[in-house]
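Each ligand, and each atom within it, is numbered from 1 in the order the structure gives.
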Amino acid sequence: MSQKAKRSLGQNFLVDDSVIQRILSAAGVGSDEVVIEIGPGRGALTDGLRSRGRHLICIEKDDGLAASLARRYSKDDSVTIVNGDALILKPEDMPVPGPYRIAANLPYNVGGRITMHLLEEWHGHVLSATLMFQKEVADRITAAPATKPYGALSVLVQSMAEAWSLFKVPPGSFRPIPKVQSAVVRLKPRETALWQGLDYEWFRRVVHGGFQARRKTILNSLSLANGLPSDAEVLRAALTEVGLDPGIRGDSVPVEAWVRLAAALAR
Ligand code: SAM
């Protein structure tokens with residue numbers, strides 16, 4: 001269990017028992033539920049999650065850590081270690097069917113991408129996800145319109161899930177000690193995404209286009225984006241149709257208005 005921490009895999013291991021206990025209670029695991037822990041590492045959260053649910057699946061990319069955990073739980077039928085990549089694995093790859101309660105102290109470098117993968121590819125299989133991120137990413141995920149961190153990640157995540165910021169965690173709670181603050185977020189996937197009925201790739205393109213040039217107006221930012229109408233009059237008409245002033249910036253547009261705008265631009 002004592003191999004050196006790998007920066008490339010975002011390995012900052014939790015050593016603060018009070019934080020571990022807070023994450024375990026926040027995960028809200030029911031005794032008949034199947035839990036997935038992403039990136040169990042040296043197992044700081046693992047025993048606690050195991051004792052709370054019916055079955056625990058651990059997805060760990062690091063071969064050495066996955067092998068250690070597999071040895072540790074070799075006699076426990078209620079734990080399965082999957083040595084794989086959470087950015088690629090899908091519900092059908094899991095050894096026990098869901099729905100799943102997910103908990104994780106996510107690797108900083110891929111926290112946002114793992115979250116998007118869960119929301120895009122695991123729809124209908126996740127009850128909730130209680131996830132720790134670098135605080136800056138947690139702020140972006142949970143941001144409200146017209147705040148600094150509000151951007152494409154906020155809109156895309158919140159279009160598919162309700163998101164709450166739960167608590168901050170200081171660098172001293174980890175080894176090695178990271179340079180940044182962390183924060184725990186709870187996500188509850190929506191039964192139906194707000195963009196339902198639209199093509200998701202289109203919705204994503206419109207949102208990214210609207211935030212592409214953050215300092216410009218939404219009209220200018222959209223007109224510079226690839227794969228969207230570049231004609232200012234077409235864009236102006238769509239913005240006006242859905243009640244948005246073409247002179248505002250993308251960061252003041254609420255999630256539901258992005259959906260209406262994507263629908264108008266698709267017509
Ligand atoms: N859960 C442990 C803890 O709280 O101490 C470790 C957390 S550490 C921040 C992130 C863990 O995720 C590491 O064990 C790392 O090897 C693993 N990891 C990194 N990238 C991964 C990926 N793409 N899929 C699955 N696990 C990954």
**Item:** Polar contact flag, side-chain donor to acceptor under 3.5 angstrom, N105-E37
**Value:** no
**Prompt:** Of the protein's non-hydrogen atoms, which lies at the shortest distance from atom 19 (C) of ligand 1, and what is that distance?
**Reply:** L9 O, 3.1 Å
**Prompt:** Any idea which part of P40 is under 4.0 Å from ligand 1, heavy-atom wise: side chain, backbone, both or neither?
**Reply:** backbone
**Complete:** Note: ligand 1 atoms sitting under 4.0 Å from heavy atoms of G84 are 24 (N), 25 (C)
**Item:** Per-atom contacts, ligand 1 versus G41 - under 4.0 Å to a heavy atom
**Value:** 6 (C), 14 (O)
**Element-labelled atoms of ligand 1 that are located less than 4.0 Å from some non-hydrogen atom of L106** = 9 (C)
**Complete:** Taking only non-hydrogen atoms of P107 and a 4.0 Å limit, the atoms of ligand 1 in range are 10 (C), 12 (O), 18 (N), 19 (C), 20 (N)
**Prompt:** Which of the numbered atoms in ligand 1 are below 4.0 angstrom from a heavy atom of D62?
**Reply:** 16 (O)
**Item:** Backbone of S182 reached by a side-chain donor or acceptor of Q134 within 3.5 Å
**Value:** no
**Request:** Starting from atom 13 (C) of ligand 1, find the nearest protein heavy-atom neighbour and note its residue, name and distance.
**Result:** Q11 CG, 3.6 Å
**Request:** Using a 4.0 Å heavy-atom cut-off, say whether T46 meets ligand 1 through its side chain, its backbone, both or neither.
**Result:** neither
**Complete:** atom 23 (N) of ligand 1: closest protein heavy atom, distance to 0.1 Å, is D85 OD1, 2.8 Å
**Request:** Taking only heavy atoms of G10 into account, list the atoms of ligand 1 that are under 4.0 Å away from them.
**Result:** 8 (S), 9 (C), 10 (C)
**Request:** Please determine if R140 forms a cation-pi arrangement with Y150, meaning its NZ or CZ atom is less than 6.0 Å from the six-membered ring centre and no more than 45° off the ring axis.
**Result:** no
**Request:** Considering heavy atoms of the protein only, find what lies nearest to atom 11 (C) of ligand 1 and give residue, atom and distance to 0.1 Å.
**Result:** G39 O, 3.5 Å
**Prompt:** Any idea which of M132, E37, E60, K6 brings a heavy atom closest to atom 16 (O) of ligand 1?
**Reply:** E60
**Request:** Among all protein heavy atoms, pick out the one at the shortest distance from atom 5 (O) of ligand 1; state its residue, atom name and that distance to 0.1 Å.
**Result:** L14 N, 2.8 Å
**Complete:** Closest to atom 4 (O) of ligand 1 among protein heavy atoms sits N105 ND2, 2.8 Å
**Request:** Among all protein heavy atoms, pick out the one at the shortest distance from atom 21 (C) of ligand 1; state its residue, atom name and that distance to 0.1 Å.
**Result:** K61 CB, 3.7 Å
**Complete:** So the atoms of ligand 1 within less than 4.0 Å of a heavy atom of A86 turn out to be 22 (C), 23 (N), 24 (N), 25 (C)
**Flag for E60-N83: side-chain donor and acceptor within less than 3.5 Å** = no
**Under 4.0 Å to a heavy atom of F13 - the qualifying atoms of ligand 1, by number** = 5 (O), 6 (C)
**Request:** For ligand 1, indicate whether the residue R42 contacts it via side chain, backbone, both or neither (heavy-atom separation under 4.0 Å).
**Result:** neither
**Request:** Can you see which heavy atom on Y100 is nearest to which on P91, and at what distance?
**Result:** OH-O, 4.1 Å
